[in-house]
Protein chains: 2
Amino acid sequence: MLQILVSSIIISKTNLQLLKYESRKDEIIQTSAILFKKKGFSAVTMRDIAKAMGIKAASLYNHISSKQEILSNIIISLAEEFTSGMEGILVANESNIIKLNKIINLHVDITTNNQFGMASLNNDWMHLDDKLEYYLKLRRDYEDNFRTIINEGINEQELIDSNPDVMLFSILSTLRSLYIWIPSKEDLIPETLASNLSSVLLNGIIK
Amino acid sequence: MLQILVSSIIISKTNLQLLKYESRKDEIIQTSAILFKKKGFSAVTMRDIAKAMGIKAASLYNHISSKQEILSNIIISLAEEFTSGMEGILVANESNIIKLNKIINLHVDITTNNQFGMASLNNDWMHLDDKLEYYLKLRRDYEDNFRTIINEGINEQELIDSNPDVMLFSILSTLRSLYIWIPSKEDLIPETLASNLSSVLLNGIIK
DNA sequence: GTCTATAAATCGATAGAC
DNA sequence: GTCTATCGATTTATAGAC
């Protein structure tokens, strides 16, 4: 009877861990992302990562092959998430303003679910090795698609005829900085945040 | 005659260098800022800095006492520039919208003149040692003053009655990211850039 | 003011026991 | 799958010659 009880507790704990991390490698990546956000990729050591997990640094290499592989996993998966999100927005037959709103929602959603990884995507991409060129292409394509939506919005007189580059970088800078202050705004539900952001970014703040 | 000519060339070159760097220490700081922007503080070594100046790493220590002192010089001087700029804006007897426009101009001006240092201010402040608390206080005070201007603008019905934190962080995120794309927009003169930014940030982009 | 040489600590990563 | 032990390279910083 005791054995059955203990056994069920162990299973329960295992299931809880499976809910949080789908593998030991995944745990390394998520733990690293937290540390990378705090100090940046270069200032975090393999010993730091191991200590945060309660193991020794050498043990990490049984699950990943290098520190570089951790960074690459964090950044590329997020960059591809933005790329696939943008592709869905582009093909829809909607106004450019609705497309801009969907981009805002895309950033809020991804950042809400990956507040730590977003720091690496923004600040540590230059430390990518093999995957640097691939990352740069994804980012360039994303910005080009974003710029196209703005330019078409101007052409179809949905948006004001102001400098499209200033519009692009103003909106994109705000969306890329979301990871810094979303954690402190946990009272705001993502839908409300996206709605407020949309209002401020698209309509301005002057009465 | 030849000696006089050569001498005048040397003096002329010395004057040119004095125009660029006011001391060897200043040259170290400015050179470091360029490298810090490219790779971040932690990934830049004293050898990197020395190599960029054409000397050996040990020679740096005749002018500065530590790598930390370089970072501290870059960040604190910029943070104090923002603080003193904000104080001038606060005391003026003007509308809150004019104050917001002056803040935008403050960021454009400082960033135009310190595009490299602004990267450290944004991304490497957590590596400050002794000066970390002082930096955090300057930043906290700056954001509080910014928030006060927005709140008073709402109270006096100059601004829409939307979430003031979303307004603050939307504008501030864009202004803090200026260092990333001002270098590639060298065709835009600072006054035009500030004017376009003001239009987009305050009035929005929808027609 | 710059150099060579080097100290002392720490880095990413590997070998091999268990 | 985690450990101890360690390698070889690299780090910041110092000592002392010139």
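Quick note on labels: first sequence line is chain A, next is B, and so on, each numbered from 1. Only a predicted model underlies this, so the values are computations on that prediction, with no experimental measurement involved. Just the heavy atoms: all of them, side chains too, but no hydrogens, waters or symmetry mates, feed the values below.
At the phosphate of C:dC3, OP1 or OP2 sits under 4.0 Å from a side-chain N or O atom of B:S59. OP1 or OP2 of D:dT12 sits under 4.0 Å from a side-chain N or O of B:K67.
For A:R47, the listed nucleotide lying nearest its side chain is C:dG12; candidates were C:dC3, D:dT4, C:dG12. When the nucleotides D:dG1, D:dT12, C:dC3 are ranked by their closest atom to the side chain of B:Y61, D:dT12 comes out on top.
Geometrically, A:K67 engages A:F41 in a cation-pi contact defined by less than 6.0 Å to the ring centre and at most 45° from the axis.
Atom P of nucleotide C:dA13 and atom NE2 of A:H63 are separated by 16 Å, given to the nearest angstrom. The distance between atom CE of B:M46 and atom P of C:dA8, rounded to the nearest whole Å, is 20 Å. Protein atom CG of B:N62 is 13 Å distant from nucleotide atom C1' of D:dC18, rounded to whole Å. Rounded to an integer number of Å, the gap from CD1 of B:I49 to C1' of D:dT11 is 12 Å. Atom pair A:H127:NE2 and C:dG12:C1' shows a separation of 15 Å (rounding to whole Å applied). Rounded to an integer number of Å, the gap from B:K56 NZ to D:dT14 C1' is 17 Å. If you measure from atom NZ of B:K39 to atom C1' of D:dT11, you get 13 Å, rounded to the nearest angstrom. In this entry the distance linking CD1 of A:I28 with C1' of C:dG12 reads 14 Å, nearest Å.
Between A:Y135 and A:W125, the ring planes lie parallel to each other; the angle is under 30°, not in the 30° to 60° tilted range. Using cut-offs of 30° and 60° on the angle between ring planes, the pair B:F169 and A:W181 is parallel.
Judged by distance alone, with hydrogens and angles left aside, B:R24 brings no side-chain donor or acceptor close enough to the base of C:dG1 to form a pair under 3.5 Å.
Side-chain N or O atoms of B:D48 include one that pairs as donor or acceptor with a backbone N or O of B:T45 at under 3.5 Å.
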